[in-house]
Q: 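The following block contains the structure, expressed as structure tokens.
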Number of protein chains: 2
Amino acid sequence: MNLQQLGYLVALDTHRQFGLAAEKSFVSQPALSVQVQKLEEELGVLLFDRTQRGAEPTAVGAQVIAQARRVLHEAQQLRELVQVAKGEVVGELRLGVISTLAPYLVPRFLVGLSTAYPNLRVHIEELRSEEIMLRLKDYRLDVGLLVTPLDDRLLHELPLLDEPFLLLASEDHPLAARATVSPADLASPGLWLMQEGHCFRNQVLNLCGRAASTGAVAYESGSIETLKELVRHHHGYTLVPELAVLDEVDSNPLLKRFVAPTPVREVSLVVHHGFVRTTLLTALRELILASVPTRLRAGKSGEKIRWR
Amino acid sequence: MNLQQLGYLVALDTHRQFGLAAEKSFVSQPALSVQVQKLEEELGVLLFDRTQRGAEPTAVGAQVIAQARRVLHEAQQLRELVQVAKGEVVGELRLGVISTLAPYLVPRFLVGLSTAYPNLRVHIEELRSEEIMLRLKDYRLDVGLLVTPLDDRLLHELPLLDEPFLLLASEDHPLAARATVSPADLASPGLWLMQEGHCFRNQVLNLCGRAASTGAVAYESGSIETLKELVRHHHGYTLVPELAVLDEVDSNPLLKRFVAPTPVREVSLVVHHGFVRTTLLTALRELILASVPTRLRAGKSGEKIRWR
DNA sequence: TAAATTTATAACCAAAACCTATAAGCAGCG
DNA sequence: CGCTGCTTATAGGTTTTGGTTATAAATTTA
């Protein structure tokens, strides 16, 4: 067994085809085939069922592949450990961000990050929270930027912000006349929600005690921006996180703050336990914190709303 | 980087000398030297300081070695995973047992174990609890047999027994006349203790509320057997775990049971999290449980005495 | 049935890892 | 001071390993 073979194994699992996996591994198809065969021989089990359409892991194979990922990850950690010791921030950063944070936060720190570390290749993907958690655990992402707490033993959370929820009302909605609002007001009809699967939706539902009454039209949006536009053009109201309305929060009278205790969402950087690139993680935290108003920083006050 | 090189690295750390490490790795000294050099070159850091007396890890080197152990461990887990899937119980089992359990428990299951799995090489070492915990975390032991709970995130406990403490009095000690005893009686003078470092000593001290008053002679023993002999030949009394006196527990009037709630020590098999050889672990548990009276099995009753 | 697609095998080549032999560096000691 | 004895490093040659291209074999698809 060697790391190369384990790499081929994982590539083959990813692409489910010897030729394709070989291409992605920058070797010829026979090279990869032979190495997988050798590994199977050494372990004494069939790891893949070969068909004409490609390769499928066997039951044992799937377990072995998962373990191979762990081995490769630990090996990668070793390399990163050395880079940290040398004070280098290089290589690749695969960052997963939820879509209710990405448009408001990423543009604030992305340029700063790649300026500070020109040798760092940054990949950012917009994903649902659950998917980010899965990929962090699979080592297919390095860092997640999402809403916590997650209560997951394998993941380590680094809280950044306690971001207040605000209520955005359309001008002809009864709530438009209010100076502040409270969770009880969310029983009022006309609340627009994010679609299923977004943690923001769960949070809003938790905040209003699951008593949300939607309007006559049941359009569930995939982005905060759509929610805002819906409210601007139609009746109804919605909840938004403060970062989504930062530039109008003081000027727009239709944006209502909640009375204390302010409901907030805890925004954190999340990594797999044993993540060793501390310089990078710290830099990322500092860049993000520096890019938002101080009042949003974690630990100030407010009541954390959970989404799971 | 490859697994071979990481193996050489760990061997060199263990033996602190290229020649010796090479010998233990079954290769020539130049072979090992060259591979370590190559790894250093690839990583771009010096991992060992070479002196005339041998090799010492640098600061980075020590970190890299620790990580290398993790990589090799995960690779080993992969192999064991396959063996489990094939239903094989082979290879090596490195078991650490504390000295207050070893003489009473090991002989009861050892023959059964090697009979059930003739292809398993069993290494048993008698060690202190702390040392067992360290070695489990370093992957220098596979399984520990000791007293729990340990409250250690990295270790997984599989409780086997709740083993009562008994009091053994010499015939001329005031306690000899008693039918049963209670923790309060441990204020009575003449209590013999295990030496510092044994978890059994801590448990006895915890049980008697640290109020132990030793006799005129302050001999602290290294084994339960010595304690028993001391009591048989001198004045005084001591505490013993039930397994140490199994064949005389009903016949010897100088052995006193505690009144309820019976103080017990929880005896467990302990492994590193992610231990995959479930068949072996289950077999070990069943063998041990079958070798002791049913009344000792974990979860029956009694009050667990902690040692840390 | 032929074409296309996929994995396996064969023959050959290059690189990596190993071995033996030996050099080189340094501590300790007469 | 210059041996001896210990260490690690280097050199030259051999074996092993992993790689390539070419091609066969098998099965799905048109």
Side-chain angles (χ1 to χ4, degrees), chain A residues 1-62 64-65 68 71-72 75 78-79, chain B residues 1-62 64-65 68 71-72 75 78-79:
Chain A
M1 186 198 314
N2 59 49
L3 294 174
Q4 190 101 262
Q5 289 173 339
L6 299 186
Y8 292 160
L9 209 63
V10 169
L12 182 52
D13 177 57
T14 306
H15 303 291
R16 300 294 169 105
Q17 207 166 268
F18 283 78
L20 191 54
E23 186 186 328
K24 297 293 182 180
S25 305
F26 307 107
V27 292
S28 66
Q29 169 262 314
L32 192 138
S33 288
V34 168
Q35 291 308 313
V36 172
Q37 279 173 41
K38 276 185 150 180
L39 186 57
E40 289 181 319
E41 196 175 333
E42 179 185 338
L43 296 177
V45 285
L46 192 72
L47 299 174
F48 285 91
D49 285 321
R50 279 84 160 165
T51 74
Q52 281 331 105
R53 253 188 311 302
E56 284 250 344
T58 60
V60 193
V64 169
I65 289 157
V71 177
L72 292 170
L78 193 150
R79 295 187 194 92
Chain B
M1 187 198 317
N2 59 48
L3 294 174
Q4 190 101 264
Q5 290 173 339
L6 299 185
Y8 292 160
L9 209 63
V10 169
L12 183 52
D13 176 57
T14 305
H15 302 291
R16 298 296 167 102
Q17 210 166 272
F18 284 78
L20 190 56
E23 187 187 325
K24 299 292 181 180
S25 305
F26 307 104
V27 293
S28 67
Q29 169 262 315
L32 190 138
S33 288
V34 167
Q35 290 309 312
V36 172
Q37 280 174 39
K38 278 187 149 178
L39 185 58
E40 287 181 321
E41 196 176 333
E42 178 184 339
L43 296 176
V45 285
L46 192 70
L47 298 174
F48 285 90
D49 285 322
R50 278 81 158 165
T51 73
Q52 285 329 108
R53 255 186 310 298
E56 283 249 345
T58 61
V60 194
V64 170
I65 290 158
V71 177
L72 292 172
L78 192 150
R79 294 188 195 93

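Here is how names work: the chains are called A, B, and so on, in the same order as the sequence lines, proteins then strands, and each is numbered from 1. Values reported hereafter were calculated over all heavy atoms of this structure, with side chains retained and with hydrogens, waters and symmetry mates removed.
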Q: In whole Å, I'd like the distance from the CE atom of A:Met1 to the P atom of D:dT17.
A: 16 Å
Q: Detail all sub-3.5 Å separations between protein N/O atoms and N/O atoms belonging to nucleotides 1-8 of chain D.
A:
{"unit_1": "D:dT7", "atom_1": "OP1", "unit_2": "B:Gln17", "atom_2": "OE1", "d": "3.2"}
{"unit_1": "D:dT7", "atom_1": "OP1", "unit_2": "B:Gln17", "atom_2": "NE2", "d": "2.6"}
{"unit_1": "D:dT7", "atom_1": "O4'", "unit_2": "B:Gln52", "atom_2": "O", "d": "3.2"}
{"unit_1": "D:dT8", "atom_1": "OP1", "unit_2": "B:Phe18", "atom_2": "N", "d": "2.9"}
{"unit_1": "D:dT8", "atom_1": "OP2", "unit_2": "B:Phe18", "atom_2": "N", "d": "3.4"}
{"unit_1": "D:dT8", "atom_1": "OP2", "unit_2": "B:Gly19", "atom_2": "N", "d": "3.4"}

Q: Would you say the side-chain atoms of A:Gln35 pair up with the backbone N or O of A:Leu32, donor to acceptor, closer than 3.5 Å?
A: no
Q: Hey, is the main chain of A:Leu46 close enough, under 3.5 Å, to the side chain of A:Thr58 for a donor-acceptor pair?
A: yes
Q: Round to a whole Å and report the spacing from CD of B:Glu40 to C1' of D:dA9.
A: 12 Å
Q: Is there side-chain contact between A:Lys24 and A:Leu20, with at least one heavy-atom pair below 4.5 Å?
A: yes
Q: Any protein N or O atoms within reach of nucleotides 11-18 of chain C? Criterion: under 3.5 Å, listing atom names and distances.
A:
{"unit_1": "C:dA17", "atom_1": "OP1", "unit_2": "B:Asn2", "atom_2": "ND2", "d": "3.3"}
{"unit_1": "C:dA17", "atom_1": "OP2", "unit_2": "B:Lys38", "atom_2": "NZ", "d": "2.5"}
{"unit_1": "C:dC18", "atom_1": "OP1", "unit_2": "B:Tyr8", "atom_2": "OH", "d": "2.7"}
{"unit_1": "C:dC18", "atom_1": "OP2", "unit_2": "B:Gln35", "atom_2": "NE2", "d": "3.4"}

Q: Would you mind reporting whether A:Leu43 and A:Glu40 have side-chain heavy atoms less than 4.5 Å apart?
A: no
Q: Any side-chain heavy atom of B:Leu3 sitting closer than 4.5 Å to one from A:Met1?
A: yes
Q: For the pair made of CD in A:Glu23 and P in C:dT7, what is the distance, rounded to whole Å?
A: 12 Å
Q: Tell me if a side-chain donor or acceptor on B:Thr51 pairs with a main-chain N or O of B:Arg53 at a distance below 3.5 Å.
A: yes
Q: Distances for protein N/O vs nucleotides 2-4 of chain C N/O pairs under 3.5 angstrom?
A:
none

Q: Are the side chain of B:Gln17 and the backbone of B:Ala22 linked by a donor-acceptor contact shorter than 3.5 Å?
A: no
Q: Return yes if some donor-acceptor pair links the side-chain N/O of A:Arg50 with the main-chain N/O of A:Phe48 below 3.5 Å, else return no.
A: yes
Q: Less than 4.5 Å apart, any side-chain heavy atom of A:Phe18 and any of A:Leu12?
A: yes
Q: What I'd like to find out is whether the side chain of B:Val64 reaches to under 4.5 Å of the side chain of B:Val60, using heavy atoms alone.
A: yes
